[in-house]
Each structure stands twice: as structure tokens, then as C-alpha cells.
Amino acid sequence: MAISSQSFSISFISTRNDLTHPTRPLSRVTFTHFRKTLTRSSTRRFVVTSRLNSSKSPDAGGSFSPDNGDVPYELHHDLSPQRRRRGSPVFVTLPVKSVGSEGKIWRPKAMMLSLKALASAGVEGVVVEIWWGVVERNEPRVYDWRGYRELVVMACMCGLKVRAVLAFHQHGTEPDDPNWIPLPRWVLDEIDKDPDLAFSDRFGRKNMEYISLGCDILPVLRGRSPIQAYADFMRDFRDTFRPFLGVIITGVQIGMGPGGELRYPSLSSQKLNLARSRELGEFQCYDKYMLASLNASARNIGKREWGNGGPFGTGSLMQNPERTEFFRNEGGSWNMPYGKFFLEWYSDMLLLHGERICREGETIFRGTEVHISAKLAAVHWHYATQSHPSELTAGYYNTFNRDGYLPVLSMFSKYGFSMCCSCFEMQDVVMRKINPDCSPEGFLRQLLLAARLCDISLEGQNFSTDLDDDAFTQVLKMSKFYSNGIERRPFSFNFVRMDKKMFEPRNWDRFTRFVRRMSDGNIFRARLNSVGSLRLKTTVAAEVGLLFQLYQYS
């Protein structure tokens, strides 16, 4: 159906299951009826009426009549031509625990005021991480979407779009971490029974951030494989949020590994920082499932002795790669027959894992009009060496004479995925003061050229939240490296992340200037009509900052 008018409204009838007691009948949740008019010119409204059930979706294109006592509420979202602008839209990633471990929005008042401030600054929308360990926390196939559903409604009320990140990994390093979000309890119970469901390095150290991809298709999770569990989660998300998909929820990023990135947990994503940007990483291939695959691959080529574990001579985490037998530039075994065999197997296993999830995601979200994406890790701290050791241990077989990213991006292109990657604010001249082998700009240029070659859309992201004017200028520079040309390629930016520092006056001024610059000088039309009588952006930002301080909201 073509929409030629300047705005439309969406009317939803909301009901939701009591997911704590799934056998009970549906309980009604009603929202205050409201109507906001975004434009004063003649309009035409596109009305969608639907129930928001947790796992049972209406027929595609179907609607329900509010003749059963439900109270409707209307959400208006502006699609006026003014917002179809040149430049690149900016999204802001919400705090990790926007929805807490019990499925409730953390500090709703601070959240609503924060969303209003973001809308007044002209951002396109927000990025919401939806945690497996929160939604399906207690029992398999019992999903609690309540907090996230309310958060999406709040964003919509403020005129913001939503990018949902389906996060199948752990966040934080330990339970004392204020942002600790583990894998679902029932998954942890299965790992306790079979520790080999977790990744393991040569020292036997287990990594609980993400389930080992060696058991991707094995029924190790109470009769389901990990891939089936991820697919069931995606399917229930689609059915629950179907009325929002393609209208409010315009993007879905599917987590594929630690930190949501398609990689091995060679470096703990929870401890990555600039001071640790010399680490080589550890190969994660010592659980029984990964070893079984390695052994089978070695036997297939008649080299049984190559299938007993990972490479020798990889050194210690902080060792100079030139002093290791495996990673050194001249004569390193990474460039010998055994090294090539192992690295091909190791990277192929990661690629196969990504393809399995891409296939499921493309099938599940087909026809919903949402953009699907996946994230790659920005592992750049030994990019100036020949062997690129930290990339190899992360699963990217990328060396000075081999492009390890083109196969991954070709896979994304095959299934219609966009790519997300961080470190857009980093500069070689700064990072090489910490590690002379580091080159975030060189890494990013290679990745962006591969993305252009594969003709896929790109989502940029920052690594550090401490951004000054130089960092924002660097983001603009790298975004233009990708998007400028004869054909203007789609590019957007995810700012990571909203916290109390963001709303400090100087930082807020920098951020709002950055949003305007990303629009190629076209000042975004602040959607003030969609957020009530909001007028003074600086005043609102100051109030939000005060709320963050009072609540210690991070």
C-alpha cells in the first residue's frame, strides 16, 4: 500500500500474557489514550490495530476489532518528506540494563525524559539490546518480553525508531558487575552438566560468554540445539513485535558470538580496553565438540596428528608476536602447511556458524520489512604485522596476503544482511602510541572496501564513550570513506552509549553538533510535537543528567 501523505498514525490494541504463569488466561494491560499531531498540513492515516501477544501472532496483515473492551491508544510516527534527508541517521544505544533482570524498565521516568531529549536532538532512533538471559531466563520457550515491549512503546511515543539487538551472549565479567547479565539460568544448568558447552583454550580455561559453536546443531539444550534455541527466540520476538516491525522497529541485529560479534572469545569482550590492545589472544578450540571437528578435518586430509589441538608456539597473551614460533613474520608456522590447515578450519567453523544464523534470520524475518544486520569485531591491534595474530585467534583468517573479511561479507550479502562494526572514532596516530603495530584506520578501510565490493549497507559504531571533537570528526571522515562516491551507499551510526556523561553540558553540545554534521549540514527537524511541550533541549538534557546522578543510572 503506497503512502503518499506526510504522516500516519498507528493504533494498537494491547494485551499481554502473564508470562510468569503461562497457564493463566490473558490479563489486559491498557495504555492511556493519546493523540499527537505531527504535521498541520492535510494528512492521511494508516491505521493498524493488533494484539501484542507474547508468542502467538495475528495473521500477516490481519487486524482485531476493539469490540471486547480493550482501550486503544494511537502512536503517530512521522514519515514526512523533510525527514527523508541527505546524510546519515544517528541512533543511540540505550544502557545495558534498560530492562532489568526481572523484565522491568529501569527507572522509567529517567528513561522517558532521556528519550525525549534524544528526540529533541534530532537522532533517528535508539538501539535496544534484548538479552536472552532476561527474556528466556528461567525455562526454555518461556519468554518475557514485557519490559522491552513497553520500552519500544515509549520510544515510539517520542517519535524515535528502534533497532533491536538480539543478544545471545553474557554481559559483564562476574555477578558483582553492576551490568551483569548472564546466559539464561536453564542454559547455565546445562553447562554445569556438560562444561564442554563452553569454549576452552589450551590451558583449560572456560569462557561462558557464548555457547561453543562446536555444538551448534547438537541437541544439547534440553533436546534443542543452540541454533534452534536462537531461532525459536527470533521467531517469538517476530511474533510478539509484529505490529511494530518495519514501522517502529526498523532494524534487527542478530547476535552471533561474544559481545554480539561474529568471533571467538579469544579476548574477553568485557575487558577490552586500550591498555590491553597488545594481546595476541588464545585459540578457542579445546572443548570436546571443537576438538571432534578438528580431528575429523585432519583425518579427512590424512594428517591425523594435526587434529589433537591448536597450534604450538603461540606465546603468551602479551608477548611480542615476533618472539613466537607461530606468529612471527619470517618463518612463522602460520604460513606453513599445518598453520594454513588449522586457520582454514578455525575460520571456516566461524563462517559456518554465521551462515547457520543468517539462514535462520533471513527466513524468520522475511517479509517484515526490517533491516537485518550482524556485527563484526574491530580487532586492529596487530594489523600492521604480516600474520595479524589477534585477528587469527578471533577467527578472522586475515593476513598480509589473504583477505579474511571478504568471505564473511559475501555471506552477509547472500542473505541480505547489513554489517555493523566499531572503532570509527579511532586514529592510527593516537593508537600507535600504545601499540606501534596497531592500525584501526587500516583495518576499517579494508573492511569498508569489502563492504562496498559486496554492496551491503553499513552501521558504524564507536568503541569508546569518551569522545571529543576530534573523535567525532574522525567518525565523519571514515563514514564518508564508505558512503561517498558515484553511488551514495547507505550508512548510519550507532552511538554507544547513553549514560550520565552524555548529558553533561559540554558533551551534550558536542553530540548534538555531531548529529547535525552527520546530516550533511541539514539541521534535523526536532520532533517536538511528538514529545509534548518540550522546547529547550539544553534544559531537558540538564534535567536528564540530574536524574542519572540521582539514580546512579548507567
Inset, instruction - Rounded to the nearest 0.5 Å, what's the gap from CG on Leu453 to CG on Leu406? Could you check? - result: 5.5 Å

Pairs under 3.5 angstrom only: tabulate donor-acceptor contacts from the side chains of residues 180-188 to other protein residues two or more places apart or in another chain.
{"residue": "Arg185", "atom": "NH1", "partner": "Asn138", "partner atom": "OD1", "Å": "2.7"}
{"residue": "Trp186", "atom": "NE1", "partner": "Glu136", "partner atom": "O", "Å": "2.9"}

Inset, instruction - Provide the closest heavy-atom pair for Gly246 versus Val370 in the form atom of the first, atom of the second, distance. - result: N-CG1, 3.3 Å

Legend entry - Option among Glu344, His388, Glu391 that satisfies the side chain to side chain contact (heavy atoms under 4.5 Å, CB included) test with Tyr397: Glu344

Inset, instruction - Tell me whether the centres of the aromatic rings in Phe342 and Trp334 are closer together than 6.0 Å. - result: no

Legend entry - ring pair (Phe, Tyr, Trp, His ring centres under 6.0 Å) against Trp131, all qualifying residues, sequence neighbours excluded: His169, His171

Legend entry - Backbone of Val96 reached by a side-chain donor or acceptor of Asn179 within 3.5 Å: no

Legend entry - Main-chain N/O of Met290 paired with Ser293 side-chain donor or acceptor, under 3.5 Å: no

Legend entry - Worked check of side chain to side chain donor-acceptor pair (under 3.5 Å) between Tyr289 and Asp194: CA-CA 11 Å; Tyr289 301 106; Asp194 182 2; 2.5 Å; yes

Legend entry - Inter-residue atom distance Thr393.OG1 - Glu282.CD, 0.5 Å rounding: 8.0 Å

Legend entry - Closest contact, heavy atoms only, Cys158 versus Met112: SG-SD, 3.5 Å

Inset, instruction - Could you tell me whether Phe237 and Phe233 have their ring centroids closer than 6.0 angstrom? - result: no

Inset, instruction - Using the six-membered ring of Phe481, assess whether NZ or CZ of Arg445 lies under 6.0 Å from its centre and within 45 degrees of the ring axis. - result: yes

Inset, instruction - Using the test side chain to side chain donor-acceptor pair (under 3.5 Å), find all partners of Arg205 that sit at least two apart in sequence or belong to another chain. - result: Asp201

Inset, instruction - Find out whether Glu369 and Val247 are in side-chain contact, i.e. whether some heavy atom of one side chain is under 4.5 Å from a heavy atom of the other. - result: no

Inset, instruction - Answer whether the closest heavy-atom distance between the side chains of Ile456 and Ser418 falls below 4.5 Å. - result: no

Legend entry - Polar side-chain atom of Ser88 near backbone of Ser492 as donor-acceptor pair, under 3.5 Å: no

Inset, instruction - Output yes when a side-chain donor or acceptor of Glu425 lies under 3.5 Å from a complementary backbone atom of Ser464, and no otherwise. - result: yes

Inset, instruction - Using the test salt bridge (Lys or Arg N to Asp or Glu O under 4.0 Å), find all partners of Asp216 that sit at least two apart in sequence or belong to another chain. - result: Arg356

Legend entry - Side-chain heavy-atom pair Val92, Phe493 within 4.5 angstrom cut-off: no

Inset, instruction - Would you kindly check if the NZ (Lys) or CZ (Arg) of Arg163 is within the cone defined by 45 degrees around the ring axis of Phe91 and under 6.0 Å from the six-membered ring centre? - result: yes

Inset, instruction - Could you tell me whether the side chain of Leu376 reaches within less than 4.5 Å of the side chain of Arg263, counting heavy atoms only? - result: no

Inset, instruction - Look at the rings of Tyr482 and Phe491 and say which category their plane angle falls in: under 30° parallel, 30 to 60° tilted, over 60° perpendicular. - result: tilted

Inset, instruction - Determine whether Ser422 and Val496 make a side-chain contact, defined as any pair of heavy atoms from C-beta on separated by less than 4.5 Å. - result: no

Inset, instruction - Name all residues meeting the salt bridge (Lys or Arg N to Asp or Glu O under 4.0 Å) criterion together with Glu102; count only those two or more places apart in sequence or in a different chain, and write none if there are none. - result: none

Legend entry - Chi angles and distances behind the side chain to side chain contact (heavy atoms under 4.5 Å, CB included) call for Leu458, Phe424: CA-CA 12 Å; Leu458 185 66; Phe424 269 72; 3.8 Å; yes

Inset, instruction - Could you pull out all residues at least two apart from Tyr264 that satisfy ring pair (Phe, Tyr, Trp, His ring centres under 6.0 Å)? - result: Phe199, Tyr346

Legend entry - Any donor-acceptor N/O pair, Asn295 side chain to Leu291 backbone, under 3.5 Å: no

Legend entry - Minimum heavy-atom distance Gly223-Gln228, with the two atoms named: O-OE1, 4.2 Å

Legend entry - Heavy-atom donor-acceptor pair, Trp132 side chain to Leu166 backbone, under 3.5 Å: no

Inset, instruction - Report yes if the side chains of Ser387 and Phe326 come closer than 4.5 Å at any heavy-atom pair, otherwise no. - result: no

Legend entry - Trace of the side chain to side chain contact (heavy atoms under 4.5 Å, CB included) decision for Leu151 with Val99: CA-CA 8 Å; Leu151 190 58; Val99 175; 4.2 Å; yes

Legend entry - Residues forming a side chain to side chain donor-acceptor pair (under 3.5 Å) with Gln446, sequence neighbours excluded: Tyr383, Asn398, Asp403

Legend entry - Non-hydrogen side-chain atoms of Arg146 and Lys104 separated by less than 4.5 Å: no

Legend entry - Heavy-atom pair with the smallest gap, counting every atom of Pro140 and Arg224: CB-NH2, 3.5 Å

Legend entry - Results of side chain to side chain contact (heavy atoms under 4.5 Å, CB included) for Tyr415 - residues two or more places apart only: Glu355, Cys358, Arg359, Glu362, Met411, Phe417

Inset, instruction - Specify the closest pair of heavy atoms between Cys438 and His380, including all atoms of both residues, with the distance to one decimal. - result: SG-ND1, 3.1 Å

Inset, instruction - Tell me, please, which residues at least two apart from Tyr396 pass ring pair (Phe, Tyr, Trp, His ring centres under 6.0 Å). - result: Tyr405

Inset, instruction - May I ask you to decide if Val152's main-chain N or O and Glu150's side chain share a donor-acceptor pair within less than 3.5 Å? - result: no

Inset, instruction - Without swapping roles, check the side chain of Arg137 against the backbone of Val134 for a donor-acceptor pair under 3.5 Å. - result: yes

Legend entry - Minimum-distance pair of heavy atoms, taken over all atoms of Ile191 and Ala198: CG2-CB, 4.4 Å

Inset, instruction - Mind checking salt bridge (Lys or Arg N to Asp or Glu O under 4.0 Å) for Arg299 and listing every partner two or more places apart, or none if nothing turns up? - result: none

Inset, instruction - Could you tell me whether the side chain of Ser413 and the main chain of Cys454 form a donor-acceptor pair under 3.5 Å? - result: yes

Legend entry - From Ile254 atom CD1 to Ile364 atom CD1, the distance as rounded to the nearest 0.5 Å: 7.5 Å

Inset, instruction - Using the ring pair (Phe, Tyr, Trp, His ring centres under 6.0 Å) rule, collect all pairs that involve residues 347-379, keeping only residues at least two apart or in two chains. - result: Tyr210-His353

Inset, instruction - For Arg402, check salt bridge (Lys or Arg N to Asp or Glu O under 4.0 Å) against everything at least two apart and list the hits. - result: none

Inset, instruction - Report yes or no: do Trp306 and Ser297 form a side-chain donor-acceptor pair below 3.5 Å? - result: no

Legend entry - Heavy-atom side-chain contact between Asp196 and Lys206 under 4.5 Å: yes

Inset, instruction - Using a cut-off of 6.0 Å, state whether more than 12 heavy atoms not belonging to Ile217 lie near its atom CD1. - result: no

Legend entry - Flag for Ser200-Asp287: side-chain donor and acceptor within less than 3.5 Å: no

Legend entry - Side-chain H-bond candidate by donor/acceptor type, Asp236 with Trp145, under 3.5 Å: yes

Inset, instruction - Would you give the length of the straight line joining atom OG1 of Thr250 to atom CZ of Phe244, rounded to the nearest 0.5 angstrom? - result: 13.5 Å

Inset, instruction - Would you confirm whether Arg202, through its side chain, and Phe283, through its main-chain N or O, come within 3.5 Å as a donor-acceptor pair? - result: no

Legend entry - Partner of Val127 under side chain to side chain contact (heavy atoms under 4.5 Å, CB included), chosen from Thr93, Val162, Leu94: Thr93

